Structure formats: C-alpha cells, structure tokens
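Notes follow the structure.
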Amino acid sequence: MPELAEVEWFRKQWDAGRGREVIDVKALSSKYVFRGTDGNALRQNLIDQKLLRSKRSGKQMLFEFSGDNWLGIHLGMTGKTRVESSDFQSGKHDHLVLCQRERALVFNDPRQLGQVRFHHGEDKPDWWKDRPPEIDSREFDQKFFNEFLGRHRKAPIKAALLMQSGFPGIGNWMADEILWRAKVLPSKRIHKLTARERSAIFRATKWVVRRSLETLGKDFSDPPKSWLIHQKWKRGGICPIHRTPLRHATVAGRTTAWCPKCQR
DNA sequence: CAACCTGTTCGCCA
DNA sequence: ATGGCGAACAGGTT
C-alpha cells in the first residue's frame with residue numbers, strides 16, 4: 001500500500017504519543033518483520049523511554065526515543081501504523097505495540113514484507129545514514145537526476161523510478177502517475193529518452209510528490225479526480241484526459257498502466 | 001485452485 | 001565491478 005505520501009501520513013499517526021513514556025512493549029519478535037533485529041533489546045530499551053520525534057526518508061520511518069534509542073519502521077507492501085486506546089488488545093498481525101498510559105502505538109503488517117529495526121546509541125543508526133536526497137528538496141536537482149539515469153541507461157525508465165537510491169519514496173502508482181504526466185512510455189529505455197522527455201520526467205516527479213504530500217500525506221484524502229491513480233487499478237480504466245482505454249502490462253516486474261495515446 | 005499484489009533483496013548472468 | 005532481471009519472502013484477496 002504505502003508510497004512516499006502514505007508513509008508520511010502513517011508516520012504522523014504516532015505523533016499522538018510524542019513526549020510520553022512507553023510503559024510496555026509487545027513485540028512478536030519471532031516474526032519475519034523483525035528479521036535482523038534483537039527483539040529483546042528493543043523491549044528492554046524502549047520501556048520507560050519517551051517518544052521524542054520522528055522522521056521520514058523516502059519510504060523509511062525513524063522514531064527517536066529518549067536514552068539514545070531509535071526505532072526504524074518500513075511498511076513494505078501491507079504495513080500500517082495506527083493508534084489505539086490504552087486498553088487495546090492486539091490482533092493477529094499487530095506485530096509491535098508500544099503501550100503508553102494514554103494510548104497504544106500499533107504496527108500491523110499482514111504480509112510481513114515490512115521491517116522493524118532497533119538501534120541503541122548516541123548516533124543515528126547506520127541504516128539511516130547516506131540516504132539519497134528527498135525528492136521534495138533542493139538537493140534533488142537536475143544534476144542528481146541526470147547522473148542517476150546515466151548509471152541505468154539500458155533500463156526501462158519505470159525501473160529507474162522504482163529504485164529507492166535514486167527516487168526515494170516512489171513506488172508503483174507514483175511511477176505510473178509521473179510517466180503519464182510526462183507523456184513517456186514506461187517501457188522506454190533511458191538512453192532513448194530525449195532531453196525534453198528527461199526534463200518532463202524531472203518536473204513531473206517533483207510535482208507528483210509535492211501534490212500527493214498535500215493530499216494523501218496530509219490527511220489521507222484522495223488526490224484530484226484528474227489523476228491516473230483513480231483509473232489505473234479499475235477494469236476498464238480510462239485516460240483522465242480523453243477517455244482512451246488504458247493499457248496494462250508488466251514493466252520492470254510490476255503491473256503498469258499507461259495511456260497509448262498520451263505516452264509514446 | 002490459481003493468479004495477483006502501492007516493496008525490497010538476493011543471486012545469477014551479461 | 002557494475003547493471004539488469006527474475007525469484008523469493010508471507011499471507012491475504014480475487
């Protein structure tokens with residue numbers, strides 16, 4: 001489910017617990033989502049600590065706690081964070097519950113392709129360092145964009161858009177939305193793109209990210225009806241511009257929708 | 001029962 | 001050494 005804008009919304013859900021102590025931790029640490037993490041250390045360290053703040057980088061979330069404790073959550077395909085009341089009883093796929101006196105902060109992930117990581121130390125965890133620039137920042141500029149594409153000349157443009165090291169936060173629906181707006185066929189190889197097409201993709205990337213943060217990222221509301229996302233999953237989906245039936249195929253290993261009239 | 005899935009990582013191959 | 005691609009991960013839904 002979650003790409004950049006949805007992850008931003010899920011990150012903010014736990015803001016309700018900022019400044020408050022964790023009094024108990026329920027962690028099903030044998031589960032796949034805890035791979036590579038010491039569930040006991042997580043439990044021992046987080047109890048009695050306060051949630052201080054959180055950050056997002058691409059699709060990654062980092063929650064900082066007092067006492068030099070850091071909790072990383074990646075939502076994968078089906079992960080969600082939410083808040084429940086303090087007497088909440090955890091359900092089947094609620095793998096991690098941080099209990100506070102006033103509420104419970106819950107991480108749920110049926111499919112478990114997400115990941116929970118824990119780090120204790122003064123400095124941020126290694127896996128949070130050397131992140132690529134946020135698309136919605138000045139550091140994500142034409143130079144960075146062109147250099148990244150230059151390293152993947154033979155790949156279809158959609159494959160590059162899905163690479164988190166170059167387009168942090170972009171996922172399947174945002175990639176299709178960007179290429180539809182830029183009027184570029186998702187399967188087009190990067191070395192075949194014209195300068196004009198590259199520039200259109202750069203601008204559409206920034207635009208889709210900014211606009212989806214203003215809707216989905218802010219209050220989980222739908223982007224405008226004119227967006228491709230509303231059509232891409234439906235049977236009989238049409239181009240929002242002139243109602244041409246969308247085409248579907250697997251590109252870069254993922255289901256892809258595009259308008260055969262707009263995108264060439 | 002089979003195919004599919006808004007994500008990432010691994011191993012194989014060029 | 002680097003880049004491209006298919007499979008695997010786990011469990012639910014169509």
Side-chain angles (χ1 to χ4, degrees), chain A residues 1-11 28-37 56-61 72-81 91-96 107-117 126-128 130-132 135 146-180 186-193 205 208-209 211-213 215-217 220-223 227-237 246 248-258:
Chain A
M1 172 164 194
E3 300 180 24
L4 186 150
E6 292 105 318
V7 173
E8 177 63 8
W9 188 80
F10 282 119
R11 179 189 67 77
L28 304 177
S29 53
S30 61
K31 300 299 243 173
Y32 185 72
V33 285
F34 288 92
R35 57 195 179 279
T37 282
R56 179 190 55 75
S57 174
K59 297 173 193 167
Q60 301 283 343
M61 300 187 287
I73 295 186
H74 182 266
L75 298 173
M77 292 271 252
T78 54
K80 289 179 169 60
T81 46
K92 190 169 178 195
H93 300 297
D94 296 329
H95 306 300
L96 177 66
F107 167 65
N108 175 289
D109 185 5
R111 210 170 150 190
Q112 299 193 73
L113 297 180
Q115 189 172 16
V116 175
R117 291 193 266 208
D126 286 347
W127 39 263
W128 191 261
D130 304 318
R131 300 241 76 222
I135 291 168
N146 284 324
E147 284 177 1
F148 185 79
L149 292 193
R151 266 177 270 136
H152 300 279
R153 285 172 218 288
K154 288 182 164 172
I157 180 61
K158 171 140 178 186
L161 283 167
L162 293 174
M163 292 178 194
Q164 299 304 295
S165 52
F167 296 90
I170 301 301
N172 204 9
W173 79 255
M174 290 181 107
D176 283 2
E177 191 74 45
I178 288 164
L179 292 172
W180 174 68
S187 57
K188 192 156 183 179
R189 301 277 157 176
I190 289 168
H191 66 272
K192 299 232 173 172
L193 295 174
T205 301
V208 167
V209 165
R211 289 317 237 258
S212 54
L213 282 170
T215 51
L216 283 157
F220 223 69
S221 58
D222 277 343
W227 285 37
L228 188 73
I229 184 177
H230 303 296
Q231 297 292 330
K232 102 161 247 186
W233 301 111
K234 331 191 218 197
R235 256 184 327 120
L246 297 179
H248 296 86
T250 298
V251 176
R254 315 301 303 281
T255 303
T256 299
W258 73 94

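Chain letters run A, B, ... following the sequence lines, proteins first and then strands; every chain starts at 1. All values derive from a computational prediction rather than experimental measurement.
- Atom pair A:Arg254:CZ and C:dA7:C1' shows a separation of 14 Å (rounding to whole Å applied).
- Closest to the side chain of A:Ala155, from the set C:dG4, B:dG7, C:dG12, is C:dG4.
- Residue contacts shown for A:Arg189 are limited to sugar-phosphate atoms, with no base heavy atom under 4.0 Å away.
- To the nearest angstrom, P of C:dG12 lies 9 Å from NZ of A:Lys31.
- Put simply, CG on A:Leu113 is 15 Å from P on C:dT13, counting in whole angstrom units.
- Contact check, A:Lys154 against B:dA14: no side-chain N or O comes under 4.0 Å of OP1 or OP2.
- The only member of A:Val208, A:Ile157, A:Thr205 that meets side-chain contact (heavy atoms from CB on, under 4.5 Å) when paired with A:Leu179 is A:Ile157.
- Heavy atoms of A:Lys232 sit nowhere under 4.0 angstrom from any nucleic acid atom.
- Side-chain contact annotation: A:Trp173 with A:Glu6, donor-acceptor N/O pair under 3.5 Å present.
- A:Gln164 comes within contact range of the sugar-phosphate backbone alone, with a heavy-atom separation under 4.0 Å but no base atom that close.
- In summary, the side chains of A:Asn108 and A:Lys92 do not present any donor paired with an acceptor at a separation below 3.5 Å, with no hydrogens or angles considered.
- A straight line from CG of A:Leu149 to P of C:dG4 spans 11 Å, rounded to a whole angstrom.
- With DNA chain C read from its 5' end, the first of the two nearest nucleotides for A:Arg151 and A:Gly253 is the one closest to A:Arg151.
- Between the P atom of C:dG4 and the CG atom of A:Leu162 lies a distance of 13 Å, rounded to the nearest Å.
- For A:His74, a side-chain nitrogen or oxygen approaches OP1 or OP2 of B:dT8 to under 4.0 Å.
- If you look at A:Phe10 and A:Phe220, their ring centroids are closer than 6.0 Å.
- Residue A:Leu161 contributes atom CG, which lies 13 Å from atom P of C:dG4 at whole-angstrom precision.
- Following rounding to the nearest Å, A:Met163 (CE) and B:dT9 (P) show an atom-to-atom distance of 13 Å.
- Summarising the geometry, atom CZ belonging to A:Arg11 is positioned 12.0 Å from atom CG belonging to A:Leu75; distances are rounded to the nearest 0.5 Å.
- A sub-4.0 Å separation between OP1 or OP2 of C:dT2 and a side-chain N or O of A:His152 is absent.
- Rounded to an integer number of Å, the gap from CZ of A:Arg35 to P of B:dC10 is 10 Å.
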